[in-house]
Amino acid sequence: MATDCPNIEIKHIENVTIIDLLDEEILEESTISDISESLFPVVDEANDIKLLLNFEKVKHFSSSALGMLIRLNQQVEEKEGQLKLCHIRKTLFEVFSITKLDRVFEIYASQEDAMASF
Amino acid sequence: MREYTMSSESHLELEIQSNYKRAKATEDDIVNQAQSLGYGEEDLFALRLALEEALANAIKHGNAGDNSKKVNIRYYVDKDRADIYISDEGIGFNPIDVPDPTTADKICIPNGRGILLMRAYMNIVEYSERGNTVHMVKLRSNP
């Protein structure tokens with residue numbers, strides 16, 4: 001069950017499911033695997049989900065973590081949901097920019113801005 | 001335990017098993033050395049990301065995830081530069097064969113971004129002819 005995962009915290013505000021990513025570093029395959037195992041069932045269990053990932057605590061991630069986000073986004077789209085990201089620090093936003101994934105994901109400075117966009 | 005030897009006048013050398021825990025420990029050693037020499041946050045971020053990608057490639061692709069295979073790391077960090085060689089025991093590859101992951105047909109493929117990021121964050125990224133050794137250099141940025 002997603003709520004048992006130490007890597008994420010799930011909140012429901014209005015009709016948005018907010019996932020706080022708790023790891024400072026999302027680098028290792030084991031961490032990414034743990035997060036995936038918690039996140040993907042959340043999407044699977046819902047139709048038309050409004051999902052917001054909060055990166056406030058994240059300082060580093062790897063290209064494998066980006067791969068996880070891409071797969072998550074694909075699953076959300078298949079279920080006709082929406083996935084947005086927020087609180088991505090400048091150094092990490094540059095990674096999205098270099099990989100041109102800032103054109104794939106909707107990224108907001110704050111949780112409030114992201115919530116308003118749904 | 002990681003055993004360090006001097007492989008040249010300046011480079012430390014070690015061999016690790018192909019697992020992420022070992023790789024992360026080595027990554028931390030190198031980044032911590034750079035931090036102790038006064039490298040800034042952006043340089044440290046760049047070093048950590050490039051090391052993470054290169055080591056992951058060596059383990060996952062070069063050594064095909066085989067824990068019995070080794071990754072060899074030689075590195076030198078001083079106040080001006082971090083100079084790193086990472087080798088795996090694989091058959092090698094041609095980096096030219098790795099497609100650009102930013103094109104419209106590849107952008108939504110989950111993998112294939114490691115080398116792009118290494119090249120974006122390091123001043124030099126070059127591969128041996130066989131392709132199983134990568135040499136990376138990060139020049140310390142001016143404050």
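Reminder, nothing fancy here: chain letters follow the sequence lines and each chain counts from 1. The shown structure was predicted, so the numbers you read here are calculated from the model rather than taken from an experiment.
For A/I13, the CD1 atom is densely surrounded, since the number of other residues' heavy atoms within 6.0 Å is greater than 12. Within 6.0 Å of CZ in A/R103 there are 12 or fewer heavy atoms belonging to other residues, nucleotides or ligands.
In this structure, B/L55 CG and A/S62 OG are separated by 12.0 Å, a value rounded to the nearest 0.5 Å. Distance NZ/A/K59 to CG/B/L44: 12.0 Å, rounded to 0.5 Å. Atoms CG and CG, from B/L51 and A/L27 in turn, are 11.0 Å apart once rounded to the nearest 0.5 Å.
With a threshold of 4.5 angstrom between heavy atoms, B/E41 does not approach chain A through any atom at all. Both the backbone and the side chain of A/E94 come within contact range of chain B, with heavy atoms under 4.5 Å apart.
A pairwise comparison of heavy atoms in B/P110 and A/R71 identifies CB-NH1, 3.5 Å as the closest pair. Here the closest non-hydrogen pair linking B/E53 and A/S63 is OE1-OG, 2.5 Å. Smallest separation of non-hydrogen atoms from A/L101 and B/I107: CD2-O, 3.7 Å. Between A/I70 and B/C108 the shortest heavy-atom distance is CG2-O, 3.2 Å. Pairing each heavy atom of A/V95 with each of B/Y121, the nearest pair is CG2-OH, 3.3 Å. For the pair A/I98 and B/L116, the tightest heavy-atom approach, listed with the atom from each and the gap, is O-CD2, 3.9 Å.
Two residues are said to be in side-chain contact when any heavy atoms from C-beta on lie closer than 4.5 Å; B/Y20 and A/T31 fail this criterion.
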| After noting the C-alpha distance and the side-chain angles of B/L49 and A/H60, does the key distance pass the side chain to side chain contact (heavy atoms under 4.5 Å, CB included) rule? | CA-CA 8 Å; B/L49 181 58; A/H60 292 277; 5.8 Å; no

| task | Please report the C-alpha distance between A/S64 and B/E52 in whole Å, then the side-chain angles of each, then the deciding distance to 0.1 Å, and finally whether the side chain to side chain contact (heavy atoms under 4.5 Å, CB included) criterion is met. | result | CA-CA 10 Å; A/S64 295; B/E52 175 66 32; over 6 Å; no

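In terms of hydrophobic clustering, with Ile, Leu, Val, Met, Phe, Trp and Tyr side chains grouped at heavy-atom distances under 4.5 Å, B/I115 and B/V134 are assigned to a common cluster. Hydrophobic clustering (ILVMFWY, side-chain heavy atoms < 4.5 Å, transitive): B/V31 and B/L14 are in one cluster. No path of Ile, Leu, Val, Met, Phe, Trp and Tyr side chains, each step under 4.5 Å between heavy atoms, connects A/Y108 with A/L92, placing them in separate hydrophobic clusters. Cluster annotation: A/L72 is connected to A/I26 through the hydrophobic network of ILVMFWY side chains, with a link wherever side-chain heavy atoms come within less than 4.5 Å.
Note on A/K90 versus B/E42: salt bridge recorded, some NZ/NE/NH1/NH2 to OD/OE distance being below 4.0 Å. Between B/K24 and A/E25, at least one side-chain N (NZ, or NE/NH1/NH2) sits under 4.0 Å from a carboxylate O, which counts as a salt bridge.
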